[in-house]
A.B. asks: 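Below: one structure in structure tokens.
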Amino acid sequence: MKLPESQVAVLQAASANEAQTIDQLAAETDLKPETITGAAFELESAGLVEVAESADETVTLTDEAREYLADGLPEVRLYEAALDAGADDEPAEMGRVIGQSGLEGPQVDIALSNYARKGYGAIEGGEITADPDADPASDAEADALAALDAGESTDALDEAVLEQLERRGLVEVAESTVRSVTLTDEGVTALMEGVEAAETVGQLTPELLTSGEWRDVEFAEYNVEADAERIDGGKTHILRQTANRVKDVLVGMGFEEMEGPHADAEFWINDALFMPQDHPARTHWDQFALENPRKIDELPDDLVERVKGAHREGVGEDGEGYHSPWTEEVAAGIDLRGHTTSLSMRYLSGREVGELEPPQRFFSVEKVYRNDTLDPTHLLEFFQIEGWVMAEDLSVRDLMGTFEEFYAQFGITDIEFKPHYNPYTEPSFELFGTHPTTGEMVEIGNSGMFREEVLDPLGVDCDVMAWGLALERLLMLMYGFEDIRDVHGTLADLDLLRETEVLH
């Protein structure tokens with residue numbers, strides 16, 4: 001019997017009594033594993049061998065995991081620092097505890113997102129508590145990392161713990177198919193009767209054609225069912241794709257896009273919005289202040305005076321203002337914007353594109369920053385869909401109709417509205433949508449009609465309806481994501497992002 005050389009090598013190396021893996025046969029024959037695989041399938045088709053398949057899972061520690069093995073998990077380090085700060089007796093200031101823990105950069109976010117999840121304590125309002133009964137020495141994830149580092153089998157590990165380690169990017173789990181080859185009775189008979197190697201050609205060349213030798217050679221067969229290496233190419237992130245689609249929808253509805261600084265004066269972020277300077281949302285617990293530079297170089301004097309007057313005395317005959325402290329020093333402080341309404345204030349005031357005459361429609365889809373507690377629906381930075389319409393005789397009905405038209409473009413038709421209080425809009429309401437997986441109502445935005453105290457200092461004498469919608473919440477309603485941390489941030493689930501089918 002004449003067979004290609006690779007098939008003869010596999011046939012002679014295989015055993016009828018013991019299954020041998022492709023890697024074992026490759027080592028014995030000095031051929032590539034892919035060559036052995038192709039030859040084995042051809043021999044199986046001829047009935048000379050049997051090829052069995054089984055799944056094999058390999059778990060590998062990442063560099064981040066090895067760093068934690070040496071220094072400890074970030075949440076454990078945070079807990080130990082909290083204990084040292086006495087947080088097991090009374091709440092401690094979170095910034096001080098983080099500083100004492102030695103955590104920096106992304107490790108801070110990782111520690112905060114896992115601290116409460118593991119029952120080490122609570123984080124609320126910028127303060128941290130530590131549960132005195134927590135036992136970091138028996139942390140299941142730390143124990144699993146140590147076991148894997150010692151070479152223990154994954155069979156002994158809790159599957160949920162292993163999945164969590166994979167979600168955190170501390171282990172890489174690779175699944176592969178292991179093929180084993182065993183001689184059949186026909187294969188044994190063929191070997192006993194004698195097998196010869198026939199010269200095979202893997203590629204047709206011009207020389208074979210011109211010489212006519214192609215008539216006398218045997219061509220190797222190709223196995224189109226053989227496994228190919230998986231290659232994950234780069235692509236636009238699903239959140240960016242959705243942001244681009246939102247922009248297209250709003251442009252199609254007649255809106256123009258706004259742009260502006262991520263770090264801006266509190267004047268534009270809060271004061272122009274009629275937010276009192278002693279409002280709790282303006283403390284360092286909720287927003288991030290820049291240290292260098294700390295103050296903006298210049299603010300428009302005339303507008304500052306008008307905004308200051310609105311805060312102190314109010315607007316119009318019945319306006320009262322807040323009668324609370326207001327200083328330009330506070331207004332000049334630079335923060336990371338907690339909402340993109342700062343852009344709306346810049347544009348409505350005429351400082352960006354000149355004085356605007358109604359009707360006007362503007363929007364932005366930009367990143368904002370808040371000192372929130374990380375959870376499945378909150379991140380420290382996220383994207384806000386800002387928008388406003390300037391026109392005569394606008395009403396809440398116009399605002400609701402705009403939302404219904406906008407969200408219908410994304411297949412969302414069950415929007416609900418709930419009255420709400422904002423210092424800068426009246427009337428105001430929040431928007432809610434039904435999560436397709438959990439069935440729960442999810443807050444997706446805030447909106448209202450800008451108050452006279454906002455518009456009058458800006459020099460706007462017609463109605464303006466405005467909103468701030470959460471891009472990530474829209475994504476959750478569209479795709480059914482339950483934890484926004486899976487989509488972006490340090491704990492993003494790359495497999496989820498690769499496998500999610502993009503909606504158009």
Side-chain angles (χ1 to χ4, degrees), residues 55-83 94 97-98 100-123 128 130-131 134-176 230-232 234 237-239 372-381 472 481-500:
D56 183 49
E57 185 177 84
T58 303
V59 180
T60 307
L61 295 179
T62 63
D63 292 340
E64 183 181 359
R66 297 195 181 281
E67 180 181 348
Y68 294 163
L69 282 170
D71 301 333
L73 290 170
E75 59 269 26
V76 173
R77 294 170 59 186
L78 182 64
Y79 176 73
E80 292 171 346
L83 287 180
M94 187 167 63
V97 174
I98 290 174
Q100 291 176 347
S101 69
L103 297 169
E104 296 180 348
Q107 287 190 359
V108 175
D109 291 344
I110 294 171
L112 295 176
S113 63
N114 289 283
Y115 188 83
R117 176 179 69 84
K118 291 188 173 181
Y120 286 137
I123 299 171
I128 185 171
D131 185 348
D135 183 13
S138 60
D139 188 293
E141 292 173 21
D143 291 344
L145 289 178
L148 290 170
D149 186 50
E152 295 183 19
S153 171
T154 57
D155 295 339
L157 298 180
D158 184 277
E159 185 175 345
V161 173
L162 190 60
E163 288 179 357
Q164 184 62 39
L165 292 177
E166 187 178 10
R167 284 167 58 89
R168 294 184 63 174
L170 301 183
V171 298
E172 293 178 350
V173 180
E175 293 185 357
S176 59
R230 171 173 171 170
I231 299 177
D232 293 310
H237 193 285
I238 190 172
L239 190 64
D372 282 332
T373 301
L374 296 175
D375 62 31
T377 58
H378 293 86
L379 293 173
L380 298 182
E381 56 183 64
E472 285 84 349
F481 298 142
E482 296 184 47
D483 192 331
I484 202 60
R485 292 169 294 186
D486 290 337
V487 180
H488 72 105
T490 56
L491 304 178
D493 188 334
L494 296 182
D495 287 335
L496 175 69
L497 295 176
R498 291 187 180 116
E499 296 169 4
T500 298

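Excluded from the calculations below are hydrogen atoms, water molecules and symmetry mates; all remaining heavy atoms, backbone and side chain alike, are included.
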A.B. asks: Under the rule for side chain to side chain contact (heavy atoms under 4.5 Å, CB included), what residues qualify as partners of Arg485, not counting sequence neighbours?
C.D. replies: Ser113, Pro376, Leu379, Asp483
A.B. asks: For Glu381, check salt bridge (charged side-chain N to carboxylate O under 4.0 Å, His left out) against everything at least two apart and list the hits.
C.D. replies: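 Residues passing salt bridge (charged side-chain N to carboxylate O under 4.0 Å, His left out) with Glu381: Lys367.
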A.B. asks: Glu172: what forms a side chain to side chain contact (heavy atoms under 4.5 Å, CB included) with it, not counting sequence neighbours?
C.D. replies: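 If we apply the side chain to side chain contact (heavy atoms under 4.5 Å, CB included) test to Glu172, skipping adjacent residues, the hits are Thr62.
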A.B. asks: Can you name the ring pair (Phe, Tyr, Trp, His ring centres under 6.0 Å) partners of Tyr120, sequence neighbours left out?
C.D. replies: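 Tyr120 satisfies ring pair (Phe, Tyr, Trp, His ring centres under 6.0 Å) with Tyr79 only.
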A.B. asks: For Leu170 and Tyr68, run side-chain contact (heavy atoms from CB on, under 4.5 Å): C-alpha distance rounded to whole Å, both residues' side-chain angles, the deciding distance at 0.1 Å, then the answer.
C.D. replies: CA-CA 9 Å; Leu170 301 183; Tyr68 294 163; 3.5 Å; yes
A.B. asks: According to salt bridge (charged side-chain N to carboxylate O under 4.0 Å, His left out), who are the partners of Glu472, at least two apart in sequence or on a separate chain?
C.D. replies: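 So Glu472 forms no salt bridge (charged side-chain N to carboxylate O under 4.0 Å, His left out) with any residue.
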A.B. asks: Hey, is CD on Glu499 packed in by over 12 heavy atoms from elsewhere, all under 6.0 Å?
C.D. replies: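 Above 12, so yes.
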A.B. asks: Partners of Tyr115 by ring pair (Phe, Tyr, Trp, His ring centres under 6.0 Å), sequence neighbours excluded?
C.D. replies: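 So Tyr115 forms no ring pair (Phe, Tyr, Trp, His ring centres under 6.0 Å) with any residue.
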A.B. asks: List for me each residue that meets side-chain hydrogen bond (donor to acceptor under 3.5 Å, both in side chains) alongside Glu482, sequence neighbours excluded, and say none if there are none.
C.D. replies: none
A.B. asks: State which residues pass side chain to side chain contact (heavy atoms under 4.5 Å, CB included) with Val108; sequence neighbours excluded, sorted by chain then number.
C.D. replies: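 Expected list: Ile98, Leu103, Leu112.
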A.B. asks: Using 4.0 Å as the upper bound for N to carboxylate O, is an ion pair formed by Glu141 and Arg117?
C.D. replies: yes
A.B. asks: So, do Asn114 and Arg168 sit near enough that their side-chain heavy atoms are less than 4.5 Å apart?
C.D. replies: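 A side-chain contact exists here, since the closest heavy-atom pair is under 4.5 Å.
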A.B. asks: Could I get the full list of side-chain hydrogen bond (donor to acceptor under 3.5 Å, both in side chains) partners for Asp135, not counting sequence neighbours?
C.D. replies: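 Per chain and number, Asp135 pairs via side-chain hydrogen bond (donor to acceptor under 3.5 Å, both in side chains) with Ser138.
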A.B. asks: Set out, in order, the CA-CA distance, both residues' side-chain angles and the distance that settles side-chain contact (heavy atoms from CB on, under 4.5 Å) for Gln107 and Glu64, then state yes or no.
C.D. replies: CA-CA 10 Å; Gln107 287 190 359; Glu64 183 181 359; over 6 Å; no
A.B. asks: Can you name the residues that form a salt bridge (charged side-chain N to carboxylate O under 4.0 Å, His left out) with Asp139, not counting sequence neighbours?
C.D. replies: Lys118
A.B. asks: Once salt bridge (charged side-chain N to carboxylate O under 4.0 Å, His left out) is applied, do any residues pair with Asp149, and if so which ones, sequence neighbours excluded?
C.D. replies: Arg66
A.B. asks: Working note: Leu61 + Leu69, criterion side-chain contact (heavy atoms from CB on, under 4.5 Å); need CA distance, chi angles, decisive distance, verdict.
C.D. replies: CA-CA 10 Å; Leu61 295 179; Leu69 282 170; 3.8 Å; yes
A.B. asks: Checking Glu80 now: which residues fulfil side chain to side chain contact (heavy atoms under 4.5 Å, CB included) with it, not counting sequence neighbours?
C.D. replies: Val76
